[in-house]
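Please read the structure below before turning to the comments.
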Amino acid sequence: MRVSSVLIILLILFKPSNAEGDLRFRLQRRFPGCRGTLENHYTGDEFDFYSRFRYRSDFWRFTLLMDKARGEEWVDIVAGGASWTPKGYPVRSVSVGWLKADLGSGLILSFPGQFSNVSELSLYKPPNSRNRIEPATSPWSCRSESLTGIGIMLSTGGMDISVLTALSPIDSLASGYHRTESEVLGRNAFIEKLAAARISGQRWGITAAAASRNETREYNWFRCGSDWNIDLGSLNLSGEAAVGVDSSGTDVASWGSISQNFLLFRHMLMVLRNPDSFPCDRTSPAISRKCDIGLCYGFRWKIFPRMALKAGTGTYSNEDSSLLLASLEAEYRFPWSMEASVGIRTRTETDEESWRGWLGNSWQPQNRLKIRTRIQISGWSSSREDSSEAGAGIELKFRYSPKNWLTLDMGGAACSTDGYNSRVYAGGSSFPGVFGSTALYGRSFLLFLQASAEVSEGFFLRGALGRKSVEDADFLGSGWEETEGNSRTELGFQLDYAFQ
């Protein structure tokens, strides 16, 4: 860690005139401590630590990550990568180290992939096919199943060619954390050998990937397929089809869509297949839900100059289960610096049904003040359990900039639900680069305060305080993450510095 810090300082102080980069440092702490740390079951303390340094010049890119999750020792992860990007050569880039890669739309090779499922409100546009191999930029790419190797991308004869080979350490436990003795012992327990290649043109691509892991019993898989993106007048035809082979057999996964994009109306119809028997290591399909057959449709319609309507639905079927998702949202922009939205999302799965509706607005009464509100109601029922739940929640946020260099965020949320199945969601205190949505259920309250100061050009200091409480609760969480009492408080600090 000391060597890494010295390297960062030297690169900032003695950088070439044509170089630029950024540094991010974050430290967070939660109170009270959880059972895992208080009873010494975890190997580390309650602090969350993250540091990322990126450096770019005309021909080089460097990334260095250091990360520690709550309950882990300092510093749990040190990872980095470099990329050479020459100009005037067929070779576009050569990347080495901890990598992230997307070859195609995700059926054959994508890592780390999407963080969550695609919303039905985004089903009016087809997924993108990518051709990317570059150094990893988040700890999510370096935990449990990191991709470490070398990737080469080049362009010649009107085609793009990508080649990737990797020799990656894999944890025996999929949690990605190294807090307990078993998690520490399982760190880098296996080795994965992986190779992938892709050839693509403007409207097509062919990709193949294979890997082998020396686990308790050796596990191998192979996938290959093609993707396409064709325009026929106002129509666009896109998709990807892949064949996957592993020890359990051979299966096919695919998706195909037909879409149109007019001035005021855009829509898409998609058919997909992503069965459980298709080997899915290192994949992130366009619609990541598993199904033997699926059908989706979505549209976005700009009804009036200030009003837009979005809707989407998807039905996904397996041999013994089915899932139906549907969402609808209307957005309206008022002439007095206010935007409002109203929507509903429903989920029907075999013998369970749930729904959540919301009404929200964003109002900027003056240049230095912005106010956001959101009201939610929810419901859930199960014919198998012969039970039902209902809930409601409200959220209020303020953003105030008393000075050009200072921004204050404050707000809170409250809910009353019959249980977890009727939960609502709120966005609490979060730093740039941190996923900030929180599930609330029972009688819960969430308060937060955050300040961001631009000390000088490109140099930001940020602080955050968040507190969550649940009425009539003796403890929060479960297992080793359980904390005593009915509330939790989180403190955080983040530094962002960009230089050029």
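As the structure is a prediction and not an experimental result, all values here were calculated from the model.
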Can you confirm whether S327 sits close enough to T313 that some side-chain heavy atom of one is under 4.5 Å from a side-chain heavy atom of the other? no
Could you work out, with side-chain contact (heavy atoms from CB on, under 4.5 Å) as the rule, every residue matching N261, not counting sequence neighbours? R266
Report yes if some heavy atom in the side chain of F431 is under 4.5 Å from a heavy atom in the side chain of Q28; otherwise report no. yes
Main chain of P279, side chain of R223: is a donor-acceptor contact present, judged purely on distance under 3.5 Å? yes
List, one per line, each side-chain donor-acceptor pair under 3.5 Å for residues 179-194, sequence neighbours excluded.
{"residue": "R179", "atom": "NH2", "partner": "E183", "partner atom": "OE2", "Å": "3.3"}
{"residue": "T180", "atom": "OG1", "partner": "S182", "partner atom": "OG", "Å": "3.2"}
{"residue": "T180", "atom": "OG1", "partner": "E183", "partner atom": "N", "Å": "3.3"}
{"residue": "E183", "atom": "OE1", "partner": "R179", "partner atom": "N", "Å": "2.8"}
{"residue": "E183", "atom": "OE1", "partner": "T180", "partner atom": "N", "Å": "3.1"}
{"residue": "E183", "atom": "OE2", "partner": "S175", "partner atom": "OG", "Å": "3.4"}
{"residue": "R187", "atom": "NH1", "partner": "D76", "partner atom": "O", "Å": "3.1"}
{"residue": "R187", "atom": "NH1", "partner": "D76", "partner atom": "OD1", "Å": "2.9"}
{"residue": "R187", "atom": "NH2", "partner": "D76", "partner atom": "O", "Å": "2.5"}
{"residue": "E192", "atom": "OE1", "partner": "R282", "partner atom": "NE", "Å": "3.1"}
{"residue": "E192", "atom": "OE1", "partner": "R282", "partner atom": "NH2", "Å": "2.8"}
{"residue": "E192", "atom": "OE2", "partner": "R213", "partner atom": "NE", "Å": "3.0"}
{"residue": "E192", "atom": "OE2", "partner": "R213", "partner atom": "NH2", "Å": "3.2"}

Do the side chains of L323 and L325 get nearer than 4.5 Å, heavy atoms only? yes
Y177, OH: over 12 other non-hydrogen atoms inside 6.0 angstrom: no
Taking C-beta and beyond as the side chain, do R24 and Q494 meet within less than 4.5 Å on heavy atoms? yes
Salt bridge or not between E72 and R143? Use side-chain N to carboxylate O under 4.0 Å. yes
Tell me if the centroids of the rings in Y420 and Y441 come within less than 6.0 Å of each other. yes
Please identify each residue that fulfils side-chain hydrogen bond (donor to acceptor under 3.5 Å, both in side chains) with R488, with sequence neighbours left out. T483
Assess, by modelled atom type and distance only, whether the side chains of R30 and T489 contain a donor and an acceptor separated by less than 3.5 Å. no
When you measure from the centre of the six-membered ring of F31, is the NZ or CZ of R29 closer than 6.0 Å and no more than 45° off the axis? yes
Throw together a table of side-chain donor-acceptor distances under 3.5 angstrom for residues 103-112, partners on residues two or more places apart or in other chains.
{"residue": "S105", "atom": "OG", "partner": "E240", "partner atom": "OE1", "Å": "2.3"}
{"residue": "S105", "atom": "OG", "partner": "W255", "partner atom": "NE1", "Å": "2.9"}
{"residue": "S110", "atom": "OG", "partner": "D102", "partner atom": "OD1", "Å": "2.6"}

Less than 4.5 Å apart, any side-chain heavy atom of S254 and any of L272? no
pair P169-S146: side-chain heavy atoms closer than 4.5 Å: yes
Does the side chain of E46 come under 3.5 Å of the side chain of T37 through a donor N or O and an acceptor N or O? yes
Indicate the atoms forming the closest heavy-atom contact of A439 with K468, along with that distance. O-NZ, 3.7 Å
Between K290 and D276, is there a salt bridge with N-O shorter than 4.0 Å? no
Assign the ring pair F262 / F265 to parallel, tilted or perpendicular, where the plane angle (0 to 90°) is split at 30° and 60°. parallel
Name all residues meeting the side-chain contact (heavy atoms from CB on, under 4.5 Å) criterion together with A392; count only those two or more places apart in sequence or in a different chain, and write none if there are none. I377
Taking everything shown except E471 itself, do over 12 heavy atoms lie less than 6.0 Å from its CD? yes
Modelled atom types, side-chain donor and acceptor of N486 and S469, under 3.5 Å: no
Is a side-chain donor or acceptor of R467 paired with a backbone partner of S487 at a separation under 3.5 angstrom? no
Non-neighbouring partners of A195 that pass side-chain contact (heavy atoms from CB on, under 4.5 Å), sequence neighbours left out: none
Check K68 with E73, please: is the shortest side-chain N to carboxylate O separation under 4.0 Å? no
